[in-house]
**Q** 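To start, I am sharing the structure in question, which I have written as structure tokens.
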Amino acid sequence: MTTIAAQSQIVNLKSKIRAYWALIKPLQSGLLLATGLAGYMSARCPVFNMGTILQLSANLFLAIAGSTVLNMWWDRDIDAKMGRTEKRATSKGLVEENEVLRVGLILSVIGVGWAVAMDALYGLIVFAGLFFDVVVYSIWLKRRTAWSIVWGGISGAMPILAGRALGLGYIDWVGVTLAFGILFWIPTHTLTFSMKFAKDYEAACVPTFPSTYGLAITRATIAISSILAAASMIVAGYGIGMAWGFLRLLGVLSAGLLMLAVAITFKPSERVNFGLFKYASIYMLAAMILVVLEVI
Amino acid sequence: MRFSSLDRVLLLLTVLLASYQVSAGIDGFGTLPIVAYTIAFGVILVAALLIFILGMEVLDSPVVIIVSTIIPLSLAVGLVWQHLASLRTSYLVFAIIGFLAVTLTRTIQIPGKSPTFVLAITHGIAGMTIFLLPIILSIQGAVKPLFSLVGVGGALIGIGGLFLSFLKTGKPILSRGMIMRLFPMLLLLTTALFVAGFKFG
């Protein structure tokens, strides 16, 4: 009987870990962490300072995961109304609400606290990212205005700025430009998503660009933000001192992004929409890899 | 048409090879060849990436005819600019006019055979330049023997471009299914031959 109970507990623990792993959106958190590491390495500080890199990776991941879990906790009611998110552990009640809140808070406090202990400025930027994401974006604005994505974008831009500030000890124009690159990239990603799942957001009464301003303006916004994202990344690459070869490659990848943005504006289709959504992720990952390769 | 895991791997390798060529394989060349090769390998890179993301159906787009003209034209311009100094300007003019003519005949309705004629002439001259020039230069000893690989790559991409172009014009040389099956391998092989030719030639 005791063995059966123990086995049952192990099974419960495993399913709980799986549920929380899904709640921290590992791919999205991983991509944001990659931007933080790229920001740090872009400062050309000793790249093989493994102690700092490991600490940055750990506390930034904890802070990003914490804010994501808190968002999931806060949005559990609207997630339950949307087909895309109704199967989340928080929507289906697979995890206990207060426990999710506690886990989110613990991850956030440890992540931000550790970051502040490492470096005050770095910690402050990490905290700002978490604050903009959870309080300003999710709690305050997400259900009120389609423009909430700007604040979501600002919070997404904080890891790269934090990483660079940790490497330099101060905030410089290159760090701000890199942050703008992420800020303008995020609408390319999220607006294509909100077009694809427009009915879901409508059902949950979450205002989005497509529902507020229509598809044409949303597509134009995506095109403009893609242009600004590509321009910011190229300027930041130049500011970092990226080799011409890498700048050429970044230019080619940016041209692909712009081409899709133009296509979605003038010849919109579900297929191009999906293509831009995927390409934007690959673009940002490639840009971060180029920043890292530049300094290795 | 769904593609296999092998097709995905082939396309990813193509992306990596083209990325290498754009970022490191053309350093030290003159400004115009760098621009021309960046355009050529950039188009290969983005095309392979889009096929990887969206599938082979991307090749059904009418833009493909125009895009598949950019690759041989820009490669040929780069080669002529580097190795045939006396023909630089005239070849650049041909490339610009050829590209504009293909774009024009594909965007406005022109009756008769002139769109196919324009396409065949432009592809033919650019393809023959990429095929013959590196091989002739290698035989003459003006460049290392392995530079001829660029010519072999040129022959392959010329064939691929013609297959695609004639498929789009409604007069296919090979069936659509066969072209789609061959395409990822053809693209990788072509890119690998170009990269190897420039690297070791």
Side-chain angles (χ1 to χ4, degrees), chain A residues 27 188-189 192-193 196 226-227 230 233-234 237-238 240-296, chain B residues 1-2 8 11-12 14-64 66-67 70-71 74-75 78 103 106-107 191 195 198-199:
Chain A
L27 274 177
T188 302
H189 197 77
T192 47
F193 210 63
K196 187 174 182 183
S226 298
I227 292 166
M233 291 312 295
I234 290 172
Y238 179 77
I240 289 166
M242 214 178 238
W244 280 110
F246 284 176
L247 278 176
R248 279 198 300 271
L249 185 53
L250 196 56
V252 164
L253 292 167
S254 300
L257 187 69
L258 301 186
M259 194 187 72
L260 282 170
V262 169
I264 204 177
T265 310
F266 296 106
K267 281 200 119 183
S269 72
E270 185 73 17
R271 191 171 190 77
V272 178
N273 205 6
F274 174 76
L276 180 60
F277 178 73
K278 288 282 180 192
Y279 189 96
S281 298
I282 294 172
Y283 172 82
M284 192 45 68
L285 186 63
M288 293 305 115
I289 289 171
L290 285 179
V291 170
V292 172
L293 284 178
E294 173 60 39
V295 293
I296 287 180
Chain B
M1 178 185 162
R2 290 177 64 82
R8 286 179 189 276
L11 287 167
L12 267 184
T14 306
V15 168
L16 290 175
L17 276 175
S19 299
Y20 165 79
Q21 193 63 14
V22 170
S23 60
I26 51 179
D27 283 340
F29 293 170
T31 306
L32 195 128
I34 284 181
V35 172
Y37 295 142
T38 299
I39 292 171
F41 287 100
V43 171
I44 292 175
L45 194 168
V46 174
L49 210 48
L50 287 179
I51 295 169
F52 181 84
I53 293 171
L54 294 171
M56 293 294 188
E57 286 75 10
V58 171
L59 298 176
D60 291 331
S61 165
V63 182
V64 166
I66 298 168
V67 173
I70 296 175
I71 300 170
S74 47
L75 267 175
T103 307
R106 294 293 146 188
T107 44
T191 313
V195 172
F198 280 111
K199 174 88 178 163

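Small disclaimer: the values here were computed from a predicted structure and weren't measured. Naming: A, B, ... by sequence-line order, numbering from 1 per chain.
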**Q** Heavy-atom distances under 4.5 Å only: say whether B:Val22 touches chain A with side chain, backbone, both or neither.
**A**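 Contact with chain A involves both backbone and side-chain atoms of B:Val22.
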**Q** Is it the side chain or the backbone of B:Leu45 that comes within 4.5 Å of chain A heavy atoms, both, or neither?
**A**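 Interface part for B:Leu45: side chain.
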**Q** Non-hydrogen atoms of chain A under 4.5 Å away: do they reach the side chain of B:Ile39, the backbone, both or neither?
**A**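 Neither part; nothing is under 4.5 Å.
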**Q** So what's closer than 4.5 Å to chain A heavy atoms on B:Leu49: side chain, backbone, both or neither?
**A**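 Contact with chain A involves the side chain of B:Leu49 alone.
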**Q** Can you find a pair of side-chain heavy atoms, one from A:Phe277 and one from A:Lys196, that are under 4.5 Å apart?
**A**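 No. Closest side-chain heavy atoms not under 4.5 Å.
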**Q** Of all heavy-atom pairs between B:Thr191 and B:Ala18, which one has the smallest distance, and what is that distance?
**A**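 Result for this residue pair: CG2-N, 4.0 Å.
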**Q** Looking only at non-hydrogen atoms, find the nearest pair between B:Ile34 and B:Thr38 and report the distance.
**A**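 Heavy atoms only, the tightest pair is O-OG1, 2.6 Å.
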**Q** Below 4.5 Å, heavy atoms only, C-beta onward: do A:Leu285 and A:Ser281 meet side chain to side chain?
**A**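 The answer is no; the side chains never approach within 4.5 Å.
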**Q** So which heavy atom on B:Val15 is nearest to which on B:Ala48, and how close?
**A**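 Smallest interatomic distance, heavy atoms only, reads CG2-CB, 3.7 Å.
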**Q** Which atom names give the shortest non-hydrogen contact between B:Pro33 and B:Gly30, and what distance separates them?
**A**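 Reported closest heavy-atom pair: CD-O, 3.4 Å.
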**Q** Side chain, backbone, both or neither: which part of A:Ile282 has a non-hydrogen atom closer than 4.5 Å to chain B?
**A**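 For A:Ile282, side-chain heavy atoms alone lie under 4.5 Å from chain B.
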**Q** Would you indicate whether the side-chain heavy atoms of A:Tyr279 and A:Leu253 approach each other to under 4.5 Å?
**A**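 Counting from C-beta outward, A:Leu253 and A:Tyr279 do come under 4.5 Å.
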**Q** With a strict 4.5 Å heavy-atom criterion, list every residue of residues 254-269 of chain A that contacts chain B, or say none.
**A**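 If one takes a 4.5 Å heavy-atom cut-off, the residues of residues 254-269 of chain A near chain B are A:Gly256, A:Met259, A:Leu260.
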**Q** What residues of residues 241-249 of chain A sit under 4.5 Å from chain B when only non-hydrogen atoms are counted?
**A**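 The list, in residue order, reads A:Gly245, A:Phe246, A:Arg248, A:Leu249.
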**Q** From B:Ile26 CD1 over to B:Phe198 CZ, what is the distance, rounded to the nearest 0.5 angstrom?
**A**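 Between atom CD1 of B:Ile26 and atom CZ of B:Phe198 there are 8.5 Å.
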**Q** Give me the ring orientation class for B:Phe29 and B:Tyr37: parallel if the planes are under 30° apart, tilted from 30 to 60°, perpendicular past 60°.
**A**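 Perpendicular, since the angle between the ring planes exceeds 60°.
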**Q** Which atoms form the tightest heavy-atom contact between A:Gly251 and A:Ile234, and what is the distance?
**A**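 Closest pair (atom of A:Gly251, atom of A:Ile234, distance): CA-CD1, 4.1 Å.
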**Q** If I take atom CG from residue B:Asp27 and atom CD from residue B:Gln21, how far apart are they, to the nearest 0.5 angstrom?
**A**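 Going from CG on B:Asp27 over to CD on B:Gln21, the span is 9.5 Å.
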**Q** Taking all heavy atoms of A:Thr192 and all of A:Thr188, pick out the closest pair and write down the distance.
**A**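 Of all heavy-atom pairs spanning A:Thr192 and A:Thr188, the closest is OG1-O, 2.9 Å.
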**Q** Identify which of B:Ala47, B:Ser19, B:Ala24 forms the greatest number of heavy-atom pairs closer than 4.5 Å to chain A.
**A**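 The candidate making the most pairs under 4.5 Å is B:Ser19.
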